[in-house]
Each structure stands twice: as structure tokens, then as C-alpha cells.
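Shown next, in C-alpha cells, is the structure this report addresses.
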Amino acid sequence: MKVAAVQMVSGPDLALNLARARHWLEQAAAQGAELVALPEYFCLMGLADSDKLAVAEQGGDLRAPIQSMLSRAAAELGLWLIGGTIPLHTAQAGRVRNACCVYTPDGAQAARYDKMHLFRFDNGSESYDEGRVLEAGTEPVALQAGPLRVALSVCYDLRFPELYRSLGPVDLISVPAAFTYVTGQAHWELLLRARAVENQAYVIAPAQGGLHQNGRRTWGHSMIIDPWGEVIACLPEGEGVVLADLDLARLAAVRRQLPALQHRRL
């Protein structure tokens, strides 16, 4: 199955971000991708954290602008589409869920995962706290996307390996992200390759990658990694698409020659 990770440098203009996302989805489909993943916050990197509240949608409303674009793109391009993340309303005023919605090639919503681990960082000169406007999700989610069992996660979830182990063996781990430049430079590839190796699974990690209008700089380096931990595609910075063929025979061979998943005791 050919898969693609889209890298973006999203800004505060929702319509422009949606148009750019659609452009890159079309580019990926034209190159033969059957499953495409968008980055975290692909639809909005606002000037303030609270900007998410103004564009938040009701979950499952395929008439709403963001979800409509994702559903229509999946159907019109014939893709399994992992829709990065979008802000969805909660019952709590001033809070939204950072939700990853997946769509089938006929445009139906196949799954929704709400980011469970909320990022907080402060190195004295740079600070960020997602908990100011986000409500954490509570349930891990995996789904069957064609021949692939896919584990869903978002960005900071990558630092919590127990999330993936709770889902049992999967073929592909999805990690849409907007890693900061500082943490990305130090840990992004290291953590992605570790998750691939310990779960003996492919990893697809579409990311934000550049300097945004709000002054924030994201690390980029969107990657696709094989179950032996080898990086098979990478885009360091700027907008674009990386593609790779996922080989289920390769996956089976890795698990056969080193049956670590069968040796678990916990």
C-alpha cells in the first residue's frame, strides 16, 4: 500500500490552510498514494491558542467547513485520509478536543481519536501549554484501513509508549504532529524510530515544518519509517509530500526473524 505524509506550514487563515491541504492531497493522490495523512493543526496555526475556539466544529458534522473538506477530498480522490487534527467542541466552555478524524475512500468517517496527552513546555525563554484550551481525550483508538491496522496518536502522545502497546499489534502508527523546533531537533526522529522498532510497525509522521505567522517555529522532518527503524522517506522543512510503499511481507519478515511481540511479559 502506498502511503503519503503531508508537511505544511499552516497559518491563521482557515480557508487558505484548507486550500493548501487539498492541494497536497491532490499531489499525493496523483503520485499513487492510497492512504494520506495530514499534520496536526493543519487547518489552523492561530496567532493565539484561543483562536482554535472560533473555528471549532461539532464532531461528525460533515457540513462544517473542515470536516466537509476532509470528507470530500477522501471521496473525490479515493483515499484513506488521516485528517491531521481539528478542533471539536466539548461540553466544557473554553475547551475543545484536538481530534484526529479518519475518512474512508467513499468519504465516510471511519474513526475519531482525541489527543490524550497534552503538551506543556517551558525552557525559560519559550513556553507552551495546550491545556489552556484543550480537553484531553480518554480512549486509545485503532482502526482497519484497507489491509492495515492503524494506531492513531497525535504529537506529544509519541512520548508515551504504553499508548501504542495498549492497542496490541498494529501495522502502522500514525503521528500527526507540530513538534517545536527545540524538542523536535532533540527527540523527534529518536522517538519515532523507537516506536517503530518496539512495536515492529511502520510509522507515518506528517508534521508542521517551518516558521509560522505567529512566530512559532516547528521542526518538520515528516517521516515514514519501516518496522526495522529505518527512515524510508523524510522532508526536512517546508511544505510538500513524502511517499513510501508499505510492504506487509517486510512487516511479517521482521516479526518472524525477531518475534519480540510474542516475548512480552507485561
query: Between Thr104 and Ala110, which heavy-atom pair has the shortest distance, and what is it?
result: CG2-CB, 3.6 Å
- prompt: Do Leu248 and Leu35 share a hydrophobic cluster, counting only Ile, Leu, Val, Met, Phe, Trp and Tyr and linking them when any side-chain heavy atoms are less than 4.5 Å apart?
  reply: yes
field: Any Glu237 side-chain heavy atom under 4.5 Å of Trp219 side chain
entry: no
field: Close side-chain approach of Gln67 and Gln58, heavy atoms under 4.5 Å
entry: no
message: When you compare the side chain of Phe119 with that of Leu134, does any pair of heavy atoms fall below 4.5 Å?
response: no
query: Any salt bridge between Asp114 and Arg112, counting N to O under 4.0 Å?
result: yes
field: Pair listing, side-chain hydrogen bond (donor to acceptor under 3.5 Å, both in side chains) test, anchored in residues 240-266, at least two apart
entry: Asp226-Arg250
I'd like a table of donor-acceptor pairs (distance under 3.5 Å, sequence neighbours excluded) in which one partner is a side-chain atom from residues 23-30, with atom names and distances.
residue, atom, partner, partner atom, Å
Trp24, NE1, Glu239, OE1, 3.0
Glu26, OE2, Arg22, NE, 2.9

- prompt: Leu70 and Val96: same hydrophobic cluster, using ILVMFWY side-chain contacts below 4.5 Å?
  reply: no
message: Can you confirm if the aromatic rings of Tyr156 and Phe160 lie within a centre distance of less than 6.0 Å?
response: yes
Heavy-atom pair of closest approach, residues Ser222 and Gln7: OG-OE1, 2.7 Å
Val150/Val170 under side chain to side chain contact (heavy atoms under 4.5 Å, CB included): CA gap, chis, key distance, verdict: CA-CA 6 Å; Val150 183; Val170 295; over 6 Å; no
message: Taking the side chain as everything from C-beta on, heavy atoms only, tell me whether Arg159 gets closer than 4.5 Å to His117.
response: no
statement: Residues joined to Leu266 in its hydrophobic cluster, side chain to side chain under 4.5 Å directly or through other members, sorted by chain and number, are none
field: Ile224 reachable from Tyr164 in the ILVMFWY side-chain graph, under 4.5 Å edges
entry: yes
message: Leu79 vs Glu34, test: side chain to side chain contact (heavy atoms under 4.5 Å, CB included). Steps then yes/no.
response: CA-CA 5 Å; Leu79 299 171; Glu34 301 166 79; 5.7 Å; no
- prompt: Does Arg193 pair with Glu198 as a salt bridge, N-O distance under 4.0 Å?
  reply: no
field: Sub-4.5 Å side-chain heavy-atom contact between Ile82 and Val36
entry: no
task: State, to 0.1 Å, how close Trp188 and Ala207 come at their nearest heavy-atom pair, and which atoms those are.
output: CZ2-CB, 4.2 Å
field: Non-hydrogen atoms of Gly83 and Phe42 that approach each other most closely
entry: O-CE2, 3.4 Å
- prompt: Which pairs pass side-chain hydrogen bond (donor to acceptor under 3.5 Å, both in side chains) with one or both residues in residues 77-91, sequence neighbours excluded?
  reply: Thr85-Asn98
message: Between Asp61 and Arg63 (side chain of the first, backbone of the second, donor and acceptor by atom type, cut-off under 3.5 Å), is there such a pair?
response: yes
query: Using 4.0 Å as the upper bound for N to carboxylate O, is an ion pair formed by Glu130 and Lys115?
result: yes
field: Asp49 and Arg132 ion-paired at < 4.0 Å
entry: yes
- prompt: Should Ile225 and Leu172 be regarded as members of a common hydrophobic cluster, given that ILVMFWY residues are connected when their side-chain heavy atoms come within less than 4.5 Å of each other, either directly or indirectly?
  reply: yes
message: Against Val203, only a single residue in Leu192, Val231, Val197 fulfils side chain to side chain contact (heavy atoms under 4.5 Å, CB included); can you say which?
response: Leu192
- prompt: So, Thr218 versus Gln208: side-chain donor-acceptor pair below 3.5 Å or not?
  reply: no
Residue pair Met45 / Gln213, side-chain heavy-atom distance below 4.5 Å: no
- request: Go through Leu163 and Ser153 one step at a time and tell me if the side chain to side chain contact (heavy atoms under 4.5 Å, CB included) criterion holds.
  value: CA-CA 8 Å; Leu163 171 65; Ser153 63; 4.0 Å; yes
task: Among Ile, Leu, Val, Met, Phe, Trp and Tyr joined by side-chain contacts under 4.5 Å, find the other residues sharing a cluster with Val254 and list them by chain and number.
output: Trp228, Leu258
message: Looking at Arg97 and Glu135, is any side-chain nitrogen of the basic one under 4.0 Å from a carboxylate oxygen of the acidic one?
response: yes
task: Give, for atom CD1 of Ile66 and atom CG of Leu44, the distance between the pair rounded to the nearest 0.5 Å.
output: 7.5 Å
- request: Kindly work out whether a path of hydrophobic side-chain contacts (I/L/V/M/F/W/Y, heavy atoms less than 4.5 Å apart) joins Val6 to Tyr202.
  value: no
Taking only distance into account, with no hydrogens and no angle test, what donor-acceptor pairs under 3.5 Å do side-chain atoms of residues 173-185 form with protein atoms, sequence neighbours excluded?
residue, atom, partner, partner atom, Å
Thr180, OG1, Thr183, N, 3.1
Thr180, OG1, Thr183, OG1, 2.6

statement: Between the CG atom in Leu251 and the CD atom in Gln200, the distance rounded to the nearest 0.5 Å is 8.0 Å
message: Restricting to non-hydrogen atoms, name the atom on Cys101 and the atom on Gln109 that form the minimum distance, rounded to 0.1 Å.
response: SG-OE1, 4.0 Å
- prompt: Of all heavy-atom pairs between Ser71 and Leu62, which one has the smallest distance, and what is that distance?
  reply: OG-CD1, 3.9 Å
Separation between CG of Leu190 and CG of Leu158, rounded to the nearest 0.5 Å: 9.0 Å
- prompt: Going by heavy atoms in the side chains, are Val102 and Leu81 under 4.5 Å from each other?
  reply: no
- prompt: Would you say the side chain of Cys43 lies within less than 4.5 Å of the side chain of Val55, judging by non-hydrogen atoms?
  reply: no
